[in-house]
Chemist: 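Take a look at this one; I'll ask things after.
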2 protein chains.
Amino acid sequence: MGRRDLAAMITPLGRALIAAERPILHEHGLTMWGYVVLNALDGQPAGAQATLAAAIGADKTRIIPVLDELQRDGLIERQPDPDDRRARLVWITARGRRVREAAQADIQRNEERLLARLPPADRRAFIRALEVLSGDL
Amino acid sequence: MGRRDLAAMITPLGRALIAAERPILHEHGLTMWGYVVLNALDGQPAGAQATLAAAIGADKTRIIPVLDELQRDGLIERQPDPDDRRARLVWITARGRRVREAAQADIQRNEERLLARLPPADRRAFIRALEVLSGDL
DNA sequence: TATTGTTATACTCTATAACTATA
DNA sequence: TATAGTTATAGAGTATAACAATA
């Protein structure tokens with residue numbers, strides 16, 4: 001009898017990680033999609049909403065309520081593109097960066113507790129493998 | 001700048017694996033849930049539907065159409081439990097076992113192509129880590 | 001009264017279609 | 001005519017509520 005299917009191991013693990021993230025994000029006043037958007041915007045120059053949607057693999061209609069909320073909370077800003085007034089440029093604010101970093105610190109602290117169950121070498125190899133395999137999806 | 005979040009790497013990877021499985025399962029006449037059910041039943045003694053649902057983390061109502069279809073295709077059988085006639089015992093048939101094994105062989109063959117991108121040591125460590133981390137979810 | 005399996009209903013998430021304003 | 005953003009609608013997937021049979 002061989003190994004279990006990768007998907008059968010990875011999918012529940014991903015689900016568990018998401019479930020663990022949810023309350024942490026909530027403490028920082030973020031939704032999952034809000035956090036994804038902040039991660040995509042941080043370190044990037046201002047771009048159009050369509051560009052952002054494509055970058056995170058979401059429908060353009062999907063992110064609109066997310067952007068509305070992030071803007072209301074002062075974590076991002078939006079402004080019509082002077083070169084093409086159909087488009088709206090989006091960028092992260094200083095406050096958005098701080099919130100994103102604080103949330104990520106808490107999330108990764110929690111993930112470290114899970115990773116602690118692995119021997120150090122396996123743990124480093126696991127991260128390396130994930131970086132490779134999730135490289136170009 | 002540190003590593004990416006585990007969930008941010010694992011979730012898209014899981015999604016990609018599921019997407020790759022779908023057409024393979026279709027060739028074997030299986031749905032994703034049907035395959036999950038066959039995997040849960042194989043090697044197990046006949047049990048009640050509620051037990052099965054709990055084992056795969058699904059709602060008891062969720063699996064009913066799945067069981068109907070698997071039974072129609074002769075991959076499982078159902079019979080009222082003589083000791084508690086409210087319950088219906090479910091078990092996999094010989095044909096169900098053959099279909100499950102054939103599907104899994106194709107699925108894992110495909111997964112191996114993905115894993116081939118990793119150095120052999122990392123690849124073994126990755127599987128080991130997944131087995132550990134997905135152990136008790 | 002509680003539980004198994006079932007069906008019917010409601011809810012959540014996501015994608016598609018339709019609208020506006022610009023190009 | 002086509003495209004960016006938006007809104008409204010519809011679809012898929014899932015969970016919740018209600019029911020019949022049995023305990």
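Numbered from 1 within each chain, the chains take letters A, B, ... in sequence-line order. Computed from heavy atoms alone, side chains included, the values below leave out hydrogens, waters and symmetry copies.
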Chemist: Indicate yes or no: does B:R78 engage B:D68 in a salt bridge with an N to O separation below 4.0 Å.
Modeler: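 Salt bridge between B:R78 and B:D68, a charged N being under 4.0 Å from a carboxylate O: yes.
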Chemist: Between B:D5 (side chain only) and B:A7 (backbone N and O only), is there a donor and an acceptor less than 3.5 Å apart?
Modeler: no
Chemist: Distance check needed: D:dG13 C1' versus B:M32 CE, whole Å only.
Modeler: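 So the two atoms are 14 Å apart, to the nearest Å.
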Chemist: Can you check nucleotides 5-7 of chain D for protein contacts, nitrogen or oxygen pairs under 3.5 Å, and list what you find?
Modeler:
unit_1	atom_1	unit_2	atom_2	d
D:dG5	OP1	A:Q49	N	2.7
D:dG5	OP1	A:R88	N	3.3
D:dG5	OP1	A:R88	O	3.3
D:dG5	OP2	A:A50	N	2.7
D:dG5	N7	A:K60	NZ	3.2
D:dT6	OP1	A:R78	NH1	3.3
D:dT6	OP1	A:R88	NH1	2.2
D:dT6	OP2	A:Q49	OE1	3.1
D:dT6	OP2	A:Q49	NE2	2.6
D:dT6	OP2	A:R78	NH1	3.4

Chemist: Report the C-alpha distance between A:E131 and B:M9 in whole Å, list the side-chain angles of each, state the deciding distance to 0.1 Å, and finish with yes or no for side-chain contact (heavy atoms from CB on, under 4.5 Å).
Modeler: CA-CA 7 Å; A:E131 304 265 14; B:M9 296 190 284; 3.9 Å; yes
Chemist: Under a criterion of less than 4.0 angstrom to any heavy atom of chain A, what are the 5'-terminal and 3'-terminal contacting nucleotides of DNA chain C?
Modeler: C:dT14 to C:dA23
Chemist: Send over the distance from B:D83 CG to D:dA23 P, rounded to a whole Å.
Modeler: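 Nearest whole value for this atom pair: 10 Å.
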Chemist: Counting Watson-Crick and G-U wobble pairs with both distances under 3.5 Å, what is the dot-bracket string for DNA chain C, 5' to 3', using [ ] for crossing pairs and | for pairs to another strand?
Modeler: |||||||||||||||||||||||
Chemist: Walk me through whether B:I76 and B:L38 qualify under side-chain contact (heavy atoms from CB on, under 4.5 Å).
Modeler: CA-CA 8 Å; B:I76 65 167; B:L38 290 185; 3.8 Å; yes
Chemist: For a side-chain contact (heavy atoms from CB on, under 4.5 Å) check, start with the C-alpha distance between B:L114 and B:L17, then their side-chain angles and the critical distance, and finish with the verdict.
Modeler: CA-CA 9 Å; B:L114 196 74; B:L17 286 169; 4.0 Å; yes
Chemist: Using 0.5 Å steps for rounding, measure from the CD atom of B:Q104 to the CG atom of B:D42.
Modeler: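 Rounded to the nearest 0.5 Å, the CD-CG separation comes to 9.0 Å.
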Chemist: At under 4.0 Å between heavy atoms, what does B:D84 touch on the DNA or RNA strands: base, sugar-phosphate, or nothing?
Modeler: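 Contact class for B:D84: sugar-phosphate only.
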